[in-house]
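Here is the structure we will look at, set down as structure tokens.
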Amino acid sequence: MFDFVRTRAFVQQIQKARSPLAICSTLISFTENYGLHAVCAGTLPAKGSTPGDQVGHIVLSSWPAEWIDRYVSCNYIFHDPIVDHMRQSGNAILWRDILKTHDASRKASKLLSEARDFRLADGIAMSFTTLEGDLIVMSFGGERVELSASELQMIWFASSYAIGHALNLRGKDRFTELEGLEKECLQLAVRGRSIAEIAERLAITEDDVRGELQRARQKVGPGHASYRQSELPRLTPREKECLQWAAFGKSEWEVSQILGISEHTAEKHLLNAKTKLGASNRVHAVAEAIRCGVLD
């Protein structure tokens, strides 16, 4: 059974962090109990990106600086079997379970050997997709990882919240750059208002709303979820029910079968819940709902 109480306490601690470094410290203060002493997360750079550009993709990191320098200067991200696996699957997984089935190239073997010099011999990895479609790969490392399946799931949910919080902090710094109408549309959108509702409220066309939202989101990046009101999101009973089953790993189809609704309706309820919670993906929505006490 998923431990909502412990997860809520964990994500509430993350919420108090006011910088990427503080977020990392909060995460590691918990994960080091399981042998994980460092974390790194970032979006994936395009093939051929320079080391400087690769560093710019990092969202969170407590990796040793020397290892980051080595990793990017050798373009290891394009040879990393863990990153390759996470492109295909977002579920939290142990490094050793990935490497068990991976035929490492010479460069990948060198990467893994050098990582051990920085006490990064074992770990867990996961990935998340933002509302903008960016894939973020997150990896915790240590020397020997020992944790149960439920503990792995708890770290996965809390990490999703941590990524969302880090992106929100980044977006908050850029919010002042928005034009007045862009701000209004964005604030209404992250409070769960539909395109039609925003258009009616601001007396503009729906196409205008879409344009304002697109420009606003491009300016602030994936952190725009922080601009909702401070009150608890108002989820309908059905949205809460769908999210509750999603927390247990059920797909839209499985949720539809359990609740006796169509798959499309289940998908719509989950999307509405995600929007109201200002979440970047379904896992982040569950983590945010747990933190707020919407799910218990």
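Heads up: numbering here begins at 1 and tracks the sequence. FYI, side chains are in, hydrogens and waters are out, and symmetry mates aren't considered; it's all heavy atoms of this structure.
Side-chain atoms of S113 do not come within 3.5 Å of backbone N or O of K110 as any donor-acceptor pair. Between the side chain of S62 and the main chain of V39, a donor-acceptor pair closer than 3.5 Å is present. No side-chain donor-acceptor contact under 3.5 Å links K107 to the backbone of N75. Remark: the backbone N or O of D84 is not paired with any side-chain donor or acceptor of H102 at under 3.5 angstrom.
Here the shortest heavy-atom pairing between K274 and A285 reads CA-CB, 4.0 Å. Nearest heavy-atom pair across M138 and S159 is SD-CB, 3.5 Å. Taking both residues in full, the closest heavy atoms of V59 and T43 are given as CG2-N, 4.4 Å, listed atom of the first, atom of the second, then distance. Between F118 and H37, the closest heavy-atom pair is O-CE1, 4.1 Å. Residues A266 and E252 come closest through the heavy atom pair CB-O, 3.6 Å. Residue E254 comes nearest to K250 through the heavy atom pair OE1-CA, 3.3 Å, listed as atom of the first residue, atom of the second, then distance.
Among E241, K240, H269, the one residue that satisfies the side-chain contact (heavy atoms from CB on, under 4.5 Å) test with L235 is K240.
The pair E239-K276 counts as a salt bridge, with a side-chain nitrogen and a carboxylate oxygen less than 4.0 angstrom apart.
Residues D80 and Y71 have side chains in contact (heavy-atom distance under 4.5 Å, counting atoms from C-beta outward). For the pair R87 and V137, the minimum side-chain heavy-atom distance is 4.5 Å or more. Looking only at side-chain heavy atoms (C-beta outward), V11 and H165 stay at 4.5 Å or farther from each other. Taking 4.5 Å as the limit, some side-chain heavy atom of L259 sits within range of a side-chain heavy atom of R238. Taking the side chain as every heavy atom from C-beta outward, M86 and I98 approach each other to under 4.5 Å. Put simply, the side chain of P45 reaches to within 4.5 Å of the side chain of F78, judged on heavy atoms. Side-chain contact between S49 and I77 is absent, with no heavy atoms from C-beta onward closer than 4.5 Å. Looking at heavy atoms from C-beta onward, V145 lies in side-chain contact with R96 at the 4.5 angstrom threshold.
Between F10 atom CZ and I155 atom CD1 the span is 6.5 Å, to the nearest 0.5 Å. Note that CG of L186 is 13.0 Å distant from CD of Q214, once rounded to the nearest 0.5 Å. Note that CZ of F128 is 7.5 Å distant from CH2 of W156, once rounded to the nearest 0.5 Å. Between I93 atom CD1 and L152 atom CG the span is 9.0 Å, to the nearest 0.5 Å. We find the OG-NE2 distance between S127 and H85 to be 8.5 Å, quoted to the nearest 0.5 Å. Between Q153 atom CD and N91 atom CG the span is 9.5 Å, to the nearest 0.5 Å.
Judged by distance alone, the side chains of T205 and D208 do bring a donor and an acceptor atom under 3.5 Å apart.
V255 and L271 fall into different hydrophobic clusters, defined by Ile, Leu, Val, Met, Phe, Trp and Tyr side-chain heavy atoms under 4.5 Å apart, directly or through other members. I198 and L181 fall within a single hydrophobic cluster, where Ile, Leu, Val, Met, Phe, Trp and Tyr side chains are chained together by heavy-atom contacts under 4.5 Å.
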Let me check something: any side-chain donor-acceptor pairs from residues 63-70 under 3.5 Å, sequence neighbours excluded? List them with distances.
from, atom 1, to, atom 2, distance (Å)
R70, NE, E114, OE1, 2.9
R70, NH2, E114, OE2, 2.9

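No more than 12 heavy atoms of other residues, nucleotides or ligands shown are found within 6.0 angstrom of CH2 on W245. By the neighbour-count criterion of 12 heavy atoms within 6.0 Å, atom CD of E200 is sparsely surrounded, having that number or fewer from other residues, nucleotides or ligands.
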Report task. Could you check I124 against Y34 for side-chain contact (heavy atoms from CB on, under 4.5 Å), going step by step and ending with a plain yes or no? Result -> CA-CA 11 Å; I124 61 174; Y34 307 106; over 6 Å; no
